[in-house]
Each structure stands twice: as C-alpha cells, then as structure tokens.
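Reading through the structure tokens given below for one structure.
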Amino acid sequence: MPLNVLLVASEAFPLAKSGGLGDMVSAYAVALRDANVDVSILMPAYPAALACAVDIVPVARMTGLPGGDARLLRARMPGSDVTVLLLQMDHLFAREGLYRDPQGHDYLDNLTRFASLAAAATRVARGVRNLRRPDIVHAHDWHAGLTPLFMRVAGVAAKSVFTIHNLAFQGNHPLALAGWIGVPPELVVPALTDERSIEFYGSLSMMKAGIVHAHRVTTVSERYANEIMTPQFGHGMEGVLQAQRAKLSGIVNGIDTSVWDPATDEYIARRYSVDDTVGKQACKRELQQAFGLTRDPFAPLVAIGSRLTEQKMADVIVRALPELLQQHPRLQFAVLGQGERSLERAMQELAAAWPGRLGVQIGYDERRAHMLHAGADILLHGSRFEPCGLTQLYAMRYGTIPVASRVGGLADTIIDYAPHQTPDDGCPTGFLFDGDHPHNVVHAMDRALAAFMSPSSWHALQRNAMNRDSGWQIPASNYLALYAQLVDARGALRDARALKTPDRQTTATANATRRRAESGFDQSSGELARSA
Ligand code: ADP
Ligand code: GLC
C-alpha cells in the first residue's frame with residue numbers, strides 16, 4: 001500500500017488562493033502524487049472551490065464539529081487528478097472572503113471556522129467510511145494548526161507534521177473560547193507551567209497548537225527556520241520555537257514548473273525558453289502596453305508584484321521610487337498588487353506623477369502576474385521577512401532577475417551577483433540587499449542596472465536564473481525523508497518513489513545545474529514524468 005498523506009490547508013490553487021500558501025499546497029500535492037504517494041487535500045468548501053473542483057461527490061456527514069454539522073465532499077483538483085476533500089459548512093465558509101469581509105475586517109468566527117477544519121481532519125485521521133486512513137496528516141499554517149492538538153487528544157495513530165508558512169499570522173483568539181472548540185482545560189493553562197499549553201501571551205494560539213503538538217514542524221526555507229528562533233523574526237514565538245527546535249527544520253518550496261513555464265505559458269504574448277529568449281521582447285512590449293508605459297525595447301523594465309504590505313516593504317519601495325525614476329531617465333516600473341489602502345493610494349499617486357514610466361494596477365490578477373514575470377527585466381522584491389517567497393522563483397524561471405532582500409527564502413534561493421564577480425563565476429542569479437531604508441533599495445537597483453547595461457553579463461545572469469532547478473523533486477524527497485522518520489519506513493514508505501536522493505537544500509544554481517547534469521534530468525523530462 002502506498003503511503004497515505006492528508007494535507008490540511010485553507011488554500012489550494014486554483015480552488016482558493018490568497019498568496020503563496022495556495023500555490024505551495026497544490027504543487028506539493030502533485031509532487032507527492034508523482035512520487036507514488038496516495039495524497040489528498042482537505043480544505044473548506046469555499047464557493048469558488050465548489051465552482052472549480054471536478055467530479056464532486058458526497059462521501060460523509062459529520063456531526064458535532066465545533067461549528068456544527070458538515071458534509072464532506074470528495075472531488076478532483078482541476079488539471080491534476082489529486083483528490084480534494086471539501087468540508088462543506090455553508091454557514092461558515094460560503095462567504096465572499098477567505099478570512100475577511102470586503103471591508104477588510106477578520107471574520108469574528110475564524111476560530112470556529114478553522115477549529116471545524118481541524119476537527120474534520122482528525123475525524124478523517126481516525127477513520128471515515130469510504131476514505132483510506134492517512135499515515136501522515138500534514139497541516140499548514142494557523143488555519144490548520146489545531147489539527148495536531150485534536151489528533152493527540154483523540155489518540156489518533158497517524159503522525160502529524162505542521163508547516164509554518166508565515167509566523168506573522170498566528171490565529172490568536174480569546175482563551176475563554178478554548179472549551180467551546182473542544183480544547184481541554186489543561187492545554188490552556190499559563191504556558192510557563194506546561195510546555196503543551198497553547199496559551200500565548202494571554203490568548204489561545206492556533207499557530208502555537210500546531211508547533212507544540214505536531215510530531216515534526218517544518219517551515220518553508222532553512223534560513224527562516226533559523227530566523228524564527230530570534231526575536232527579530234519570531235513574532236513573539238521565538239521562545240516556543242527554541243524549546244521545540246529538535247523537531248524543527250526548513251525545506252525550501254518548489255514551484256509548479258508546468259504552470260510557471262515561459263515555454264508553454266498561455267497567458268503570455270510569445271513563448272520562449274532559455275535557449276531562445278527572443279519571445280521575451282514581445283512579452284515586454286505587451287507589458288508596456290498593458291501598464292501604460294512608453295514603448296521602448298531598451299528601457300530597463302522593473303516588475304513589482306506582491307501584496308502591498310509592510311512585510312513586502314511596499315512602504316519603503318514607495319519612498320525609493322521617485323529617486324530611482326529621477327536618477328535613471330529610461331527606467332520603467334510595472335506594479336501589480338493589492339494590500340493596505342494607504343500603500344495602494346501612494347502607488348497610484350506615483351503613477352499619476354510619472355506617466356509612461358510607472359504603471360500601477362491595483363487588484364489581484366493571475367494572468368497579469370504571468371505577464372509581469374514574462375515581460376519585465378528585473379523583479380524588485382523587498383521583504384522585511386520572507387518565509388520562502390515564490391515570486392522570485394517564478395521571476396527567475398522567466399529570465400527576470402530579482403533584486404531582493406537578504407532574508408529567509410529570498411536569501412536561500414537567490415545567489416547574489418557580487419560586484420567583483422563575472423556572471424559565470426559562482427552562477428549568480430540576482431541581487432540581494434540588507435536593510436529596509438530606501439537608500440538600500442536604490443543602491444541595490446543601481447547595481448542591477450549597471451549589470452543590465454552589459455548585455456553579456458545580463459544574458460549570463462538570465463541563463464543562470466532560468467536554469468535554476470526550482471522544481472518540487474528535491475523538496476518532496478526531503479519531506480518524504482521526514483515522513484519516513486515518523487512511520488515505518490520499510491512498510492508504508494516502500495512504494496513512495498523518491499525522485500531524487502534526499503539532499504540538504506542547497507540552493508546554489510551551481511549545484512542545481514550540476515545535479516541536473518548528473519541526473520540527466522531536464523525540464524522536458526520532468527514535465528513528462530508529471531503527465532504520465
Ligand atoms: P506571499 O504568500 O507572502 O504573498 P509568495 O511570493 O510566496 O508571497 O506568493 C505570492 C503569490 O501570490 C504568487 O503566486 C504571486 O504571483 C501571487 N500574487 C501576489 N499578488 C498578486 C496580485 N496582485 N495578482 C496576482 N497574483 C499575485
Ligand atoms: C507564505 C509566505 C511566503 C511563502 C508562502 C508559501 O505566504 O509569506 O514567503 O512563499 O507562504 O510557503
């Protein structure tokens with residue numbers, strides 16, 4: 001029998017997505033399926049998920065979840081045959097937003113909503129007719145954080161893994177509600193007196209529940225795994241994580257290389273590849289047109305595509321843009337994002353002040369995100385903290401060179417082009433900077449623009465970036481090795497066909513390129529493996 005893994009998450013692209021979490025869950029599920037793992041995703045039956053999932057059939061009724069009764073539906077993810085289990089509780093999940101109302105206020109019953117998801121996961125782990133019982137339950141972020149706790153309380157045999165995608169969002173709620181959702185009183189005593197307590201500075205923390213009660217905890221890059229044990233990046237959780245460090249590790253995310261592939265992408269003006277990048281010019285023309293920028297094939301075109309929040313340093317970028325535009329007369333920016341209203345407005349005001357040079361589109365648009373990566377020369381990606389970051393991985397695959405903060409997964413996945421280097425020396429793929437002052441951004445951009453002026457340097461950077469192995473094979477192997485520590489490796493894992501030898505996550509393009517050459521793996525054979 002193949003290993004059975006249940007992924008529990010609030011998001012899975014294209015059924016629900018607010019950011020990288022949704023991309024990660026779906027792409028990882030496909031990678032597990034390709035490794036011969038029997039994998040399903042359990043998530044809420046949001047209206048968009050019901051509209052998008054394929055072959056939906058009811059499989060079970062569940063009564064007495066924290067939020068009441070539910071129907072469990074089984075379906076397939078569109079575009080892959082990964083099974084998705086949809087938890088239908090329309091009074092909790094049939095709403096416009098995933099976590100917030102249209103005014104931007106968190107739903108007041110988020111605790112009940114996601115405690116219900118965790119309780120349903122626990123029922124599936126205990127055994128539901130018509131569903132195979134999982135060996136591993138892998139919960140993601142605070143939305144699924146209560147799962148390991150409920151599994152422990154219920155004495156479920158399956159092992160639990162919890163992945164932190166962003167420690168800034170912790171799912172903290174009044175402690176007094178613990179009984180209401182079924183958390184035993186001994187697990188909400190003051191944390192100082194009991195390490196298993198999920199009390200966190202006077203609140204109940206769903207994130208802490210995942211960290212403390214899972215058998216293993218991972219996060220989405222090695223560097224972030226270390227950073228979150230420090231006060232600067234720990235969001236108050238650093239002490240908890242230090243105490244749990246023996247079971248904490250970092251595994252850098254992969255990306256879905258079939259969704260994000262300039263050679264096959266249907267969203268972009270003309271397809272291209274590392275061996276023939278001519279089509280990128282047409283993509284650049286299209287991007288300039290779509291964002292109201294002057295048509296200029298030689299203008300360095302910088303993309304900014306992310307949530308407009310302080311995490312993403314949008315406040316700093318807004319202050320750096322005028323200086324950059326003044327200093328570099330041909331420089332252009334295309335900004336796609338949404339987030340804090342004041343930052344959205346500031347971006348729009350800048351666009352009005354710099355017509356033809358700075359185009360801003362506020363909103364969420366998957367197609368435009370593809371156009372952005374395909375058409376730009378540079379991706380500007382500031383972050384005060386970045387657990388992994390997928391945007392820079394997408395950009396690199398499209399030959400768009402990232403200029404990014406030296407934090408978390410950005411530092412783990414981008415190799416800095418040091419000024420004294422040649423682009424063939426150490427395989428640099430982008431530019432990293434420290435700090436969150438506008439002049440840090442301006443200085444890093446100056447370095448990138450100097451390299452842009454030298455076509456041979458720039459093409460070498462593009463080649464390095466496009467050749468980076470950002471697929472899921474290595475990360476999936478690392479997760480499988482972690483699962484193997486928890487379940488009988490000779491039994492359930494016997495059939496899990498790891499595509500590569502588990503490996504420490506080395507992110508150097510040099511190593512990735514070498515690995516690819518040694519294994520004979522190339523992107524086209526990777527795609528064939530996926531569709532087989
Ligand atoms: P985070 O999850 O912290 O926002 P990631 O880099 O991991 O950061 O993932 C962001 C994801 O959201 C990427 O798939 C990116 O393309 C997408 N994204 C962010 N903002 C937008 C937007 N305005 N329109 C379309 N896609 C967006
Ligand atoms: C979170 C993080 C981001 C990461 C994504 C997927 O949204 O902010 O850095 O890439 O999760 O793991």
Side-chain angles (χ1 to χ4, degrees), residues 7 9-14 16-29 98-99 138-144 162-170 207 218-225 227-228 233 235 250-256 259-260 265 267 290-291 303-314 334-340 343-344 347 359-374 376 379-398 400 402 404-405 407-414 470 472 475 479:
L7 304 179
S10 167
E11 300 181 24
F13 177 80
K17 166 171 170 178
S18 74
L21 170 67
D23 284 359
M24 185 279 186
V25 170
S26 301
Y28 176 47
L98 300 183
Y99 316 115
H138 187 160
H140 294 264
D141 252 357
W142 69 265
H143 324 105
F162 180 64
T163 295
I164 301 167
H165 290 263
N166 193 337
L167 204 55
F169 303 98
Q170 301 179 341
M207 180 66 97
T218 70
T219 187
V220 286
S221 67
E222 286 189 4
R223 187 169 167 130
Y224 192 61
E227 286 172 345
I228 54 180
F233 294 98
H235 296 275
I251 297 178
V252 175
N253 286 331
I255 60 172
D256 188 326
V259 173
W260 296 91
D265 195 327
Y267 287 151
F291 279 73
I304 297 175
S306 72
R307 294 183 280 121
L308 297 176
T309 61
E310 289 199 2
Q311 175 189 344
K312 305 292 180 183
M313 270 168 60
V335 182
L336 171 66
Q338 66 179 16
E340 288 161 31
L343 293 170
E344 291 178 353
M347 282 290 185
V360 172
Q361 297 196 1
I362 302 298
Y364 193 92
D365 187 332
E366 200 69 33
R367 168 186 287 267
R368 297 228 157 183
H370 285 246
M371 284 169 56
L372 201 66
H373 293 306
L379 173 84
L380 178 54
H381 192 311
S383 274
R384 290 193 164 89
F385 61 92
E386 194 59 63
C388 178
L390 299 178
T391 315
Q392 81 283 4
L393 301 179
Y394 299 148
M396 285 191 273
R397 191 150 160 81
Y398 283 70
T400 297
S405 302
V407 293
L410 296 171
D412 276 359
T413 58
I414 297 168
S470 295
W472 261 106
Y479 277 115

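Remember, it's a predicted structure, so these values are computed and weren't measured experimentally. Each ligand, and each atom within it, is numbered from 1 in the order the structure gives.
When only interatomic distances are considered, the shortest N/O to N/O separation between T391 and ligand 1 falls below 3.5 Å. Below 3.5 Å of separation, one finds no N or O of L21 facing any N or O of ligand 1. Considering backbone and side-chain atoms alike, E366 places every N or O at 3.5 Å or more from each N or O of ligand 1. Close N/O approach between K312 and ligand 1 is found [any backbone or side-chain N/O within under 3.5 Å]. Distances between N or O atoms of G363 and those of ligand 1 include at least one value under 3.5 Å. Not one N or O of K312 is nearer than 3.5 Å to an N or O of ligand 2, by distance alone. For ligand 1, one of its N or O atoms has an N or O atom of D365 under 3.5 Å away. Inclusion of C388 in the set of residues having an N or O under 3.5 Å from an N or O of ligand 2 is warranted. Geometrically, ligand 1 and Q392 share no nitrogen or oxygen pair separated by less than 3.5 Å. Geometrically, ligand 1 and N166 share no nitrogen or oxygen pair separated by less than 3.5 Å.
When the heavy atoms of Y364, W260, Y394, F13 are ranked by distance to atom 27 (C) of ligand 1, first place goes to Y364.
Every atom of ligand 2 with a heavy atom of N253 under 4.0 Å away is listed here by number and element: 6 (C), 10 (O), 12 (O). Using a 4.0 Å cut-off to heavy atoms of E386, the atoms of ligand 2 that qualify are 3 (C), 8 (O), 9 (O). Interface atoms of ligand 2 facing L390, defined by a heavy-atom separation under 4.0 Å, are 10 (O). Under a 4.0 Å criterion applied to the non-hydrogen atoms of G389, ligand 2 contributes the atoms 3 (C), 4 (C), 9 (O), 10 (O). The distance from ligand 2 to the heavy atoms of Q311 drops below 4.0 Å at these ligand atoms: 8 (O).
A donor-acceptor contact closer than 3.5 angstrom links the side chains of T413 and Q392.
In this structure, atom 16 (O) of ligand 1 lies nearest to the protein heavy atom A369 CB, 4.0 Å.
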